[in-house]
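The block underneath contains the structure these notes are about, expressed in structure tokens.
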Amino acid sequence: TQLLEQSPQFLSIQEGENLTVYCNSSSVFSSLQWYRQEPGEGPVLLVTVVTGGEVKKLKRLTFQFGDARKDSSLHITAAQTGDTGLYLCAGAGSSASKIIFGSGTRLSIRP
Amino acid sequence: GAGVSQSPSNKVTEKGKDVELRCDPISGHTALYWYRQRLGQGLEFLIYFQGNSAPDKSGLPSDRFSAERTGESVSTLTIQRTQQEDSAVYLCASSLVARAQYFGAGTRLSVL
């Protein structure tokens with residue numbers, strides 16, 4: 001069974017600080033996505049990484065796919081209150097039949 | 001439509017009743033997914049459609065749950081004889097490829 005573990009589960013930091021969220025698995029994924037979900041809404045896709053070792057930047061967010069395509073990290077620089085939300089990673093296998101979601105990291109940025 | 005639309009947005013039902021949840025995917029998206037999200041938790045995969053067929057039904061938690069899709073468009077998730085443990089947000093997503101799913105806002109189901 002493929003599993004994606006996210007850590008930490010909860011994170012509360014002060015505005016302006018940096019943070020890193022991790023997504024780990026023992027399985028290899030053909031691609032991995034990061035989503036952010038706000039209360040009462042569905043998850044919104046932030047980025048897709050495909051190649052082992054790939055790094056993508058989205059403003060203050062930096063996403064990295066592990067060399068072996070089993071893990072990923074999300075680093076936020078100078079966090080803002082608008083970054084608050086549930087961050088989910090999701091892995092796709094070679095077929096489109098099932099996307100495995102991690103349990104999420106609930107991020108709270110204090111003003 | 002511009003995005004994935006789900007209806008109703010909220011549903012309150014009594015234990016033992018049947019409910020139908022609807023998902024209108026983005027036009028042209030061939031893949032459609034249903035997930036369940038319990039309060040404060042991540043997403044639990046339920047079922048996946050490619051076109052009108054469902055090659056993967058492995059996530060359906062019991063035979064009370066069923067889903068269909070017609071015209072490679074609208075999908076309906078039906079829960080029969082609802083139980084209190086069915087209370088959750090049911091999310092639908094559509095995609096052209098597995099790498100990028102677009103989600104609706106979900107249906108919040110409360111079983112009393």
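Everything numeric here is computed off the predicted structure, so don't read it as measured data. Order of the sequence lines fixes the chain letters, A, B, ..., with proteins taken first and strands second; residue numbering starts at 1 for each chain.
- Under a cut-off of 6.0 angstrom, the local environment of CD in A/E17 is crowded, with over 12 non-hydrogen atoms contributed by other residues, nucleotides or ligands.
- Taking the six-membered ring wherever Trp is involved, the centroid distance between the rings of A/F101 and B/Y35 falls below 6.0 Å.
- Other residues, nucleotides and ligands contribute over 12 non-hydrogen atoms within 6.0 Å of the CZ atom of B/F65.
- Between chain B and the residues A/P43, A/S103, A/G42, A/G40, the largest count of heavy-atom pairs under 4.5 Å involves A/P43.
- With a 4.5 angstrom heavy-atom cutoff, B/L43 touches chain A via backbone and side-chain atoms both.
- Applying the 6.0 Å contact sphere to CD of B/E14 captures no more than 12 heavy atoms from other residues, nucleotides or ligands.
- From A/E41, atom CD reaches atom CZ of B/F103 across 13.0 Å, with rounding to the nearest 0.5 Å.
- Heavy-atom distances place no part of A/Q6 under 4.5 Å from chain B, backbone and side chain included.
- Around CG of B/L112, the count of heavy atoms belonging to other residues, nucleotides or ligands within 6.0 Å exceeds 12.
- Judged purely by atom type and a 3.5 angstrom limit, A/Y35 uses its side chain to pair as donor or acceptor with the backbone of B/Q101.
- Both A/L61 and A/V47 belong to a common hydrophobic cluster when Ile, Leu, Val, Met, Phe, Trp and Tyr are linked at side-chain heavy-atom distances under 4.5 angstrom.
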B/Q37 vs A/L86, test: side chain to side chain contact (heavy atoms under 4.5 Å, CB included). Steps then yes/no.
CA-CA 12 Å; B/Q37 187 175 33; A/L86 177 66; 3.7 Å; yes

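- Side-chain contact between A/I99 and B/Y33: present, with at least one pair of heavy atoms (C-beta onward) separated by less than 4.5 Å.
- Only the side chain of B/S58 comes within contact range of chain A, with heavy atoms under 4.5 Å apart.
- Contact of B/Q6 with chain A is not made at all, since no heavy-atom distance falls under 4.5 Å.
- A/Y22 and A/I100 are assigned to two separate hydrophobic clusters, defined by single-linkage of ILVMFWY side chains at heavy-atom distances under 4.5 Å.
- Within 6.0 Å of the CD atom in A/Q9, the count of heavy atoms belonging to other residues, nucleotides or ligands does not exceed 12.
- Heavy atoms only, all atoms of each residue included: A/L88 and B/G42 are closest at CD2-CA, 4.2 Å.
- Residue A/V21 is grouped with residue A/L58 when hydrophobic side chains (ILVMFWY) are merged at heavy-atom distances under 4.5 angstrom, including chains of intermediate members.
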